Amino acid sequence: MRFDHVHAKLARPFLHWFLLRRARQRAAIRHHPASADRDLRRRVSVALDFMAWMGQRGLVLADLTQEHIDDWITGATSQRRYLIRYFLKWTTSRRLTRELTVPSIPSQEPQNLLDEDDRWPLLQRCLTDDALPTDVRAAGAITLLFGPSTERLCHLTPEHLKFGDKQAHLVLGRHPVPLPPRLAELLRQLADQPQPRPQLSRVHPGPRWLFPGMVPGKPISTHGMTQKLGRHGIPVRIARNAALAALAADLPSPVLADVTGMHRHTALRWVAYARRDWAEYLAARTEETNKRENTGNRSDSPGPSTGEK
């Protein structure tokens with residue numbers, strides 16, 4: 001797709017002085033996630049698509065109204081167009097556009113959950129099957145028990161493990177969670193494994209990863225982890241959904257957020273989903289029980305009297 005000179009003049013400062021500047025500020029205080037580069041490219045791409053959309057309608061930035069933004073969002077076939085919020089935040093700060101609102105992305109319910117009858121045997125397999133690679137067993141068990149994002153899972157280091165005399169813990173959020181002994185042993189093995197050495201020596205080596213990737217000094221990619229677990233029969237997305245649904249059914253949202261490291265708003269949505277799902281399950285069970293009781297009562301009642309001649 002070709003873009004005119006005006007679009008390019010807007011896209012460059014948006015990338016360099018807004019997106020990259022924010023990314024550098026975040027990277028200075030926390031690790032740079034593997035998905036960050038992809039996210040930057042998507043935001044620039046959406047901005048260019050939006051400017052092309054404006055050009056087709058003979059619009060310039062100063063002409064934009066809320067109705068135009070609503071039309072742009074309404075015509076979306078995916079959630080990608082909601083990323084225009086970043087470009088509009090920058091144009092508003094530069095006074096190139098008036099104050100415009102991009103609605104929040106509609107919350108979506110998890111589409112698929114691993115059935116509990118399948119989740120527990122799969123977890124048991126991760127904990128006991130010596131034929132599986134150690135990293136697959138550990139990553140699969142963590143996913144099935146605690147449901148962390150694949151990004152968070154891939155970036156675990158030995159510093160996230162706390163081994164005590166009687167109990168081992170894993171730190172995913174603000175508070176450590178206790179580990180089953182077999183999973184603790186698997187993670188101890190990963191923490192003690194030798195790390196691949198980079199070809200060029202470094203004075204300050206990077207962190208040691210529980211799940212190192214093919215590139216020395218880097219963790220396994222999220223795509224690589226998903227593919228690896230999938231090859232061994234562990235479906236990451238639905239396994240993670242099942243774990244989070246189970247945790248959300250038992251924990252209040254602040255505790256769920258602190259334990260898993262997810263955002264408080266995300267935890268709140270999971271708890272609301274789990275409680276509604278549980279309420280619907282109880283209602284269905286009650287209805288089924290009532291039907292059985294009514295059927296039993298009808299079968300026990302005497303039939304119509306025929307009388308004697």
Side-chain angles (χ1 to χ4, degrees), residues 1-27 30 32-113 147 149-152 154 221-223 226 236-238 240-241 244 257 261-270 272-273 276:
M1 186 180 294
R2 298 179 59 187
F3 302 98
D4 61 27
H5 182 62
V6 175
H7 295 172
K9 287 182 64 177
L10 285 169
R12 289 193 189 99
F14 169 58
L15 171 63
H16 290 288
W17 298 108
F18 183 74
L19 295 179
L20 288 178
R21 183 178 181 183
R22 282 160 51 105
R24 293 188 187 103
Q25 291 172 344
R26 287 195 300 269
R30 60 186 180 184
H32 185 73
S35 60
D37 295 341
R38 181 191 63 211
D39 292 341
L40 290 178
R41 289 193 296 270
R42 290 179 65 197
R43 291 169 189 178
V44 173
S45 176
V46 168
L48 291 171
D49 289 346
F50 179 69
M51 286 187 282
W53 180 86
M54 288 171 49
Q56 293 170 0
R57 288 156 179 77
L59 298 171
V60 296
L61 290 174
D63 297 333
L64 288 178
T65 65
Q66 188 61 48
E67 287 73 21
H68 294 130
I69 305 305
D70 295 341
D71 289 345
W72 162 262
I73 296 296
T74 302
T77 56
S78 70
Q79 294 182 349
R80 186 172 179 271
R81 286 194 174 189
Y82 287 86
L83 293 176
I84 197 59
R85 70 174 69 253
Y86 298 97
F87 179 66
L88 293 178
K89 183 176 181 178
W90 175 74
T91 58
T92 301
S93 68
R94 299 290 300 274
R95 297 187 179 181
L96 299 174
T97 56
R98 68 193 71 185
E99 287 282 348
L100 299 167
T101 301
V102 178
S104 301
I105 297 176
S107 60
Q108 293 184 331
E109 304 291 0
Q111 298 298 313
N112 294 296
L113 297 177
S149 68
T150 311
E151 181 79 30
R152 188 178 297 274
C154 292
S221 67
T222 56
H223 177 73
T226 301
V236 172
R237 181 180 294 275
I238 62 175
R240 177 174 183 260
N241 285 346
L244 290 176
M262 67 171 59
H263 194 279
R264 293 291 180 92
H265 292 167
T266 305
L268 192 62
R269 289 200 299 269
W270 269 107
Y273 165 77
R276 183 172 66 254

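Quick note: residue numbers are just sequence positions, from 1. Everything numeric here is computed off the predicted structure, so don't read it as measured data.
- Side-chain contact between Trp90 and Leu96 is present, with heavy atoms from C-beta onward closer than 4.5 Å.
- The number of heavy atoms from other shown groups lying within 6.0 Å of CZ (Arg57) is above 12.
- Side-chain contact between Leu61 and Phe87 is present, with heavy atoms from C-beta onward closer than 4.5 Å.
- Put simply, OG1 on Thr226 and CZ on Arg240 are 10.5 Å apart, with the number rounded to the nearest 0.5 Å.
- Side chain of Arg98 to backbone of Leu64: a donor-acceptor contact under 3.5 angstrom is found.
- The side-chain contact (heavy atoms from CB on, under 4.5 Å) test applied to Ala267 returns Ser253, Leu256, Ala257, Met262, not counting sequence neighbours.
- Counted by atom type alone, His68 and Thr65 present one or more donor-acceptor pairs between their side chains at under 3.5 Å.
- Residue Ile84 holds its CD1 atom at 7.0 Å from CD1 of Ile69, rounded to the nearest 0.5 Å.
- Interatomic distance, Lys89 NZ to Glu99 CD, rounded to the nearest 0.5 Å: 11.0 Å.
- Under the 4.5 Å side-chain criterion, counting only non-hydrogen atoms from C-beta, Asn241 is in contact with Trp270.
- For Thr222 and Thr150, the side-chain atoms include no donor-acceptor pair closer than 3.5 Å.
- Between atom CE of residue Met51 and atom OG1 of residue Thr91 there is a gap of 10.0 Å, rounded to the nearest 0.5 Å.
- The CG atom of Leu100 lies 9.5 Å from the CD atom of Glu67; values are rounded to the nearest 0.5 Å.
- Between Asp71 and Trp53 there is a side-chain heavy-atom pair separated by less than 4.5 Å.
- Listed for the Arg152 side chain is a donor-acceptor partner under 3.5 Å among the backbone atoms of Gly261.
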